[in-house]
Amino acid sequence: MIILEKPYVSGPLVSYLEKSRIPVLKNEMSELLTKQGHNLNLLNDNEFVERYHQTGKLYAVSENALVWLYPHLAGSELIEKVKIVKDKGAFRHICAKIFPDFFYKEVEMNDLHSLSPDALPLPIVIKPAVGFLSVGVYIVRDKEEWHKAIDDIDKNFAKQCAVFPETVVKSGKFVLEEFIQGEEYAVDAYFDKEGNPNIINIFHHIFKSETDVSDRLYCMSKDIFEKNYGAFNRFLTDLNGVLGLRDFPMHVEFRVDKNSGKAIPIEVNPLRFAGMCLNDLTRHSCGLLPVQAYFEGIHPDYATMWNGIEDDVFSFIVLDKPYETTKAIDFEKIKKHFHGVVETRDIMNPAMSVWGFLFMKTDKAHRDELNEILNSDLTEFMA
């Protein structure tokens, strides 16, 4: 069972759904795809709910699907557990059993002004209790950054929230939590019918600086996977000791503390893998579509999945637009400039804040290109 939703559905996923005949919820997005000539196995609301209760296996490409799921599966065990992991405050409460020394605090948006930064263990992260991507996320290291963050929340957060339904980004409550100094990683995994975690991929989310919260560059490689698999798998096992999830996909973001080496989760995104089409990067490394692994119960062969590509880095680059630009990006110029571009995706949606995405396979001789694209403002590639 799958729910396709705005803002984006990847071509490889649609092709898989056509071949597999997995039931797809009939909604605006899936009907649009059928009008474009795609042969999907559509079910109406009642048929979809009935089939879900028979199979118990569900995936949603976007958290916008929660708008439909919450009322149609209200009161179900699935929705109760989705709400726990989606709400960052509730999730931190769960994680306190695993990481008892980790600082976090839930605060109503209107009460942020009454807090004194002197009473907080800076540096901290401020983020909406219910959020998506980097919307409303601030890293605060001192009083000046605190006041700038609160001012920006006052001026811009409501406008940012308006782009998403309340089930995805909600403006009422924020979580303040300890800032973990270290590298950030994103993990796609699913719990099988026995409740065992199966990690499909591990992405290193690379930033320009310690204060950067953008989504420009994600990398995966044999080295990244093998260095981090053990710690991430232990957390997923511990988490499921509390939640008892079965047939449940998720995307988890971690930071690995540079001093202690502990892998501490930042957030869990339920019922989906990496957003937009980041999870498609696995197709270019080991030929596996993560959604297929979940639906078909495929357990990645960790011993062989990197054979022949041990020294390569596979990257996903978000070509984000500067605010309010009307210019286009020249993909041909990008492909000529960078080595190892294996796929480009032009989004062609003026409502979205990105031009598109790059998938790259980089050898040792051209690793400096990853730093270049990370720090580029992309003006040299504008048409």
Side-chain angles (χ1 to χ4, degrees), residues 3 57-66 69-70 76-99 102 104 106 125 127-137 164 167-170 173-180 182-192 195-205 213 215 218 228-229 231-257 262-276 278-279 290-291 293-294:
I3 302 177
K57 188 172 279 195
L58 180 66
Y59 183 91
V61 301
S62 164
E63 292 184 28
N64 287 340
L66 299 180
L69 279 169
Y70 280 9
S76 67
E77 182 182 1
L78 175 75
I79 295 304
E80 294 309 308
K81 290 183 177 180
V82 165
K83 287 182 177 180
I84 289 172
V85 296
K86 179 62 183 165
D87 185 308
K88 293 178 177 63
F91 175 65
R92 276 288 165 232
H93 181 70
I94 290 290
C95 286
K97 300 176 183 180
I98 305 171
F99 304 102
F102 187 83
Y104 79 97
E106 292 183 74
V125 177
K127 58 188 179 183
V130 178
F132 180 60
L133 294 176
S134 303
V135 176
V137 178
F164 303 93
T167 50
V168 177
V169 179
K170 191 179 293 186
K173 187 180 291 184
F174 278 75
V175 172
L176 281 57
E177 64 183 36
E178 182 180 331
F179 175 64
I180 306 152
E183 297 300 307
E184 184 167 312
Y185 297 86
V187 175
D188 286 339
Y190 72 91
F191 293 99
D192 60 25
N196 300 311
N198 292 272
I199 292 177
I200 300 171
N201 50 47
I202 297 173
F203 306 107
H204 185 189
H205 186 180
V213 293
D215 297 298
Y218 292 82
N228 296 285
Y229 171 81
F232 297 160
N233 193 64
R234 279 193 297 276
F235 168 76
L236 292 173
T237 301
D238 291 342
L239 177 66
N240 219 28
V242 179
L243 291 178
L245 301 171
R246 301 287 187 275
D247 283 329
F248 196 97
M250 61 170 55
H251 177 71
V252 190
E253 296 175 9
F254 290 92
R255 275 197 181 240
V256 176
D257 188 284
K262 287 184 179 179
I264 300 174
I266 301 170
E267 65 180 46
V268 170
N269 300 282
L271 301 183
R272 68 172 177 89
F273 296 139
M276 296 297 185
L278 167 56
N279 70 82
V291 171
Y294 167 59

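We count residues from 1, following the sequence as given. Quick caveat: nothing in here was measured; it's all calculated off a predicted structure. Just so you know, these numbers use all the heavy atoms, side chains as well, and skip hydrogens, waters and symmetry mates.
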Backbone N/O of [Y] and side chain of [X]: donor-acceptor pair under 3.5 Å:
X	Y	answer
Arg255	Gly182	yes
Asn198	Asn196	yes
Lys57	Tyr294	yes
Asn240	Leu243	no
Lys86	Lys81	no

Compute the centroid of each ring, for Phe273 and then for Tyr190, and state whether the two points are separated by less than 6.0 Å.
no
So, Phe203 versus Tyr185, ring centres under 6.0 angstrom or not?
no
Would you give the length of the straight line joining atom [atom1] of [X] to atom [atom2] of [Y], rounded to the nearest 0.5 angstrom?
X	Y	atom1	atom2	answer
Leu78	Leu58	CG	CG	6.0 Å
Leu271	Asn269	CG	CG	10.0 Å
Glu253	Ile264	CD	CD1	14.5 Å
Ile79	Tyr70	CD1	OH	6.5 Å

Could you pull out all residues at least two apart from [X] that satisfy side-chain hydrogen bond (donor to acceptor under 3.5 Å, both in side chains)?
X	result
Glu178	none
Asn279	none
Glu80	none

Residues in salt bridge (charged side-chain N to carboxylate O under 4.0 Å, His left out) contact with [X], at least two apart in sequence or another chain:
X	result
Arg92	Glu177
Glu183	none
Glu106	Lys173

